[in-house]
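Heads up, the thing below is written out as structure tokens.
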Amino acid sequence: MIIGIDLGTTNSLAAYFTPEGPQIIPNSFGENLTPSVVSVGDDGEVYVGKIAQERQITNNEQTAAVFKRHMGTKKEYSLGTRTFLPEELSSFIIRKLKEDAEAFLGEKVTEAVISTPAYFNDMQRRATKTAGELAGLKVERIVNEPTAAAIAYGLHERPDSAKYLIFDLGGGTFDISILDYSGNVMEVRAVAGDNFLGGEDFTDALAAMFLYRHQLTDAVLSPRERTLLQKSAETAKKEFALRKTTTMVYPYKGEALDLTISLDEFEKQCAFILNKLRAPVVRALSDASLKLEDIDTVVLVGGATKLPVIRNFASKLFGRLPASHINPDEVVALGAAVHAAMKQRNQAIRELVLTDVCPFTLGTSVSVPTARGIYQSGVYCPIIERNTVIPASRVSRVYTLHDNQQIVRVDVLQGESRKARENLFLGELVVRVPPAPAGKEALDIRYTYNVNGILEVEATAVSTGRTEKLIIEKNPGAMTEEEIRQSLESLQALKIHPREKDEYKYLLEKGERLYQELLGPARYEISSLLVSFEAALEKQNPEEITAVVTELKNFFQTLEDGQY
Ligand code: ADP
Ligand code: MG
């Protein structure tokens with residue numbers, strides 16, 4: 001069996017193909033989304049998803065989240081006594097999805113098509129593939145998330161050509177991709193986005209409104225109270241998908257504080273965040289040399305696009321209703337499953353991956369004369385501009401600034417800011433030139449960016465032909481064959497928590513978290529319920545277990561409703 005996997009920063013999910021079309025595979029809780037959180041217990045047992053999310057609070061040092069941001073790097077995460085690379089943590093998520101899929105489908109899952117953001121470079125894609133392999137799956141194909149979304153909307157069934165704009169707002173990332181489909185080839189024409197903008201910002205906005213109205217500030221809250229506030233805001237935010245007002249309830253120091261907020265008020269509060277969504281859209285269109293009218297379909301992707309404020313904003317921005325009838329937080333996994341089925345039948349869309357364009361501008365820092373003949377230093381000089389089709393090689397000529405200058409320093413920078421220092425520093429190169437009057441000696445700076453995301457910088461003194469070279473691997477992080485083998489071996493010792501026990505373990509961990517968060521009578525109540533629960537589990541008495549589980553769930557609900 002081959003499945004499609006959306007390995008998200010916030011949530012991950014799997015889908016498979018049926019004669020009726022693609023279907024999401026529910027996890028052990030019967031839920032479609034598995035939070036992308038991993039936690040390791042003292043005994044080496046690995047928890048994934050909701051259980052790990054609870055442990056983020058009670059066992060923070062043993063829990064990791066948002067590691068997708070560091071995919072393809074050597075960043076190490078210490079979880080208790082062990083350390084993991086991002087692909088290893090991701091492999092636990094995939095292993096969990098695989099186990100849940102096998103239980104649901106009643107057959108072995110051997111292969112997967114996994115999605116990655118369109119802007120992922122070769123290294124990040126390789127790391128994603130490795131994650132799949134570490135989970136015991138064959139991964140022949142990586143599909144771009146925006147492409148998967150377009151496939152779920154039936155792009156591959158179109159006989160003609162089409163252009164898509166995919167608007168993907170996840171938990172903490174915003175991606176705009178412009179896709180051009182024709183002749184069975186999918187081209188990613190441009191990408192833009194904001195790596196630090198997502199649904200969480202809207203949760204924060206709601207939490208801020210709440211604090212303000214109750215004359216509280218973030219500073220007076222303990223870390224736990226802050227987490228609890230986030231949770232309350234998250235729940236209240238999702239209510240907006242259903243109605244025009246939401247009531248946020250937050251138990252603070254033994255008191256259930258609440259606040260009812262209308263959609264209009266919320267929209268005003270979010271104006272600043274919403275505005276940030278505009279620039280990447282404009283930029284992607286202009287980089288692709290397209291106008292909005294040229295786009296056939298705008299598709300909304302990502303859980304955060306369920307927010308009415310975002311839908312309204314997008315409709316206004318695009319002057320039309322974007323497609324969103326396929327659940328935005330499931331659409332990528334569904335598309336990946338269709339892709340998997342197409343692959344099996346050998347009719348997959350040929351996909352030009354985005355490593356076909358360079359996602360950022362690469363340049364250097366120069367000095368330029370001002371009107372009064374004074375030189376202003378630190379001005380950015382782009383050499384390879386963003387969304388240039390790669391492999392690309394570009395040269396820029398610069399001149400000496402001072403009489404008898406013998407050294408020219410070339411900064412290698414990445415970014416879009418006019419001020420050189422605001423861009424990301426990647427490295428530097430020093431080249432010697434013969435002494436001469438200012439401006440007489442020239443240097444040719446050549447940037448070559450290849451399909452693997454590796455940048456080669458070459459600086460040549462024009463008069464002497466003397467050349468210096470620098471190779472910059474943006475993410476020198478891919479694991480070697482040997483490292484993968486070793487990792488497979490050591491990961492094997494770690495077992496994913498058995499899915500049959502997930503529900504009880506979740507209740508225990510949640511109880512543990514609430515115990516730590518609360519004070520006073522509520523705390524005693526939880527404590528006594530947990531003691532009974534543990535005793536019932538110990539005795540393995542089904543009736544007793546069922547009774548305590550019901551009691552626990554009811555009590556959690558009471559707490560969440562702020563009724564305690
Ligand atoms: P990622 O692609 O980063 O894994 P998702 O597409 O799963 O993320 O989106 C997660 C975000 O979507 C979270 O910020 C969550 O609060 C938000 N979200 C999910 N459902 C809703 C909803 N009904 N209303 C508003 N926001 C939602
Ligand atoms: Mg996503």
Side-chain angles (χ1 to χ4, degrees), residues 1-9 12-16 34 36 38 48 67-77 84-99 101 108-148 151 175 186 188 332-333 335-344 346 348-356 359 450-454 473-492 496:
M1 182 71 178
I2 168 167
I3 57 173
I5 292 179
D6 170 5
L7 191 60
T9 313
S12 296
L13 55 169
Y16 74 119
T34 297
S36 304
V38 172
V48 171
F67 36 85
K68 182 174 171 180
R69 282 199 203 282
H70 297 283
M71 202 66 157
T73 73
K74 287 275 190 230
K75 181 176 163 84
E76 289 194 341
Y77 290 81
F84 299 97
L85 290 169
E87 53 266 63
E88 294 179 315
L89 292 173
S90 304
S91 83
F92 291 130
I93 307 247
I94 300 174
R95 235 158 92 179
K96 176 69 171 146
L97 295 174
K98 174 178 183 272
E99 286 177 14
K108 278 259 162 249
V109 174
T110 51
E111 199 178 334
V113 168
I114 308 179
S115 60
T116 68
Y119 59 78
F120 259 27
N121 64 23
D122 186 58
M123 218 69 84
Q124 294 165 300
R125 284 164 200 266
R126 260 193 288 173
T128 306
K129 237 175 166 170
T130 302
E133 282 157 12
L134 292 175
L137 288 176
K138 192 163 113 191
V139 185
E140 277 180 2
R141 283 196 150 264
I142 292 289
V143 61
N144 284 322
E145 287 164 10
T147 306
I151 291 175
D175 298 319
M186 181 81 204
V188 181
V332 170
V338 178
H339 203 281
M342 292 195 308
K343 181 195 169 275
Q344 260 177 334
N346 245 332
I349 286 170
R350 277 178 299 137
E351 197 182 357
L352 296 174
V353 293
L354 180 88
T355 23
D356 279 351
N450 75 15
V451 285
N452 299 324
I454 294 167
E473 279 189 46
K474 181 65 202 318
N475 293 292
M479 291 169 88
T480 62
E481 288 288 320
E482 179 54 22
E483 283 170 330
I484 295 176
R485 204 188 52 74
Q486 282 176 3
S487 171
L488 256 175
E489 223 161 75
S490 74
L491 293 187
Q492 235 138 44
I496 304 266

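Nothing fancy with the numbering, it's 1 onward along the sequence.
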> So, is the end of the K75 side chain (NZ or CZ) under 6.0 Å from the ring centre of Y77 and within 45° of the ring's axis?
Replying inline: yes
Report yes if the side chains of [X] and [Y] come closer than 4.5 Å at any heavy-atom pair, otherwise no.
{"X": "N144", "Y": "T116", "value": "yes"}
{"X": "L491", "Y": "E88", "value": "yes"}
{"X": "K343", "Y": "E111", "value": "yes"}
{"X": "I114", "Y": "V143", "value": "no"}
{"X": "I151", "Y": "M342", "value": "yes"}
{"X": "V38", "Y": "F67", "value": "yes"}
{"X": "F84", "Y": "E76", "value": "no"}
{"X": "L85", "Y": "M479", "value": "yes"}

Work out which heavy atom in [X] is nearest to a heavy atom in [Y]; give both atom names and the distance.
{"X": "S115", "Y": "V332", "answer": "OG-CG1, 3.4 Å"}
{"X": "V109", "Y": "L137", "answer": "O-CD2, 3.5 Å"}
{"X": "L134", "Y": "I484", "answer": "CD2-O, 3.8 Å"}

> Is the number of heavy atoms from other residues, nucleotides or ligands within 6.0 Å of CD (E482) greater than 12?
Replying inline: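 Check passes, neighbour count above 12.
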Would you call [X]-[Y] a salt bridge at under 4.0 Å N-O?
{"X": "R485", "Y": "E133", "value": "no"}
{"X": "E145", "Y": "K68", "value": "yes"}
{"X": "E87", "Y": "K129", "value": "no"}

> Looking at residues at least two apart in the chain, or sitting in another chain, which of them share a side chain to side chain donor-acceptor pair (under 3.5 Å) with T9?
Replying inline: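 So T9 forms no side chain to side chain donor-acceptor pair (under 3.5 Å) with any residue.
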> Have S12 and T34 got a donor and an acceptor in their side chains that come within less than 3.5 Å?
Replying inline: no
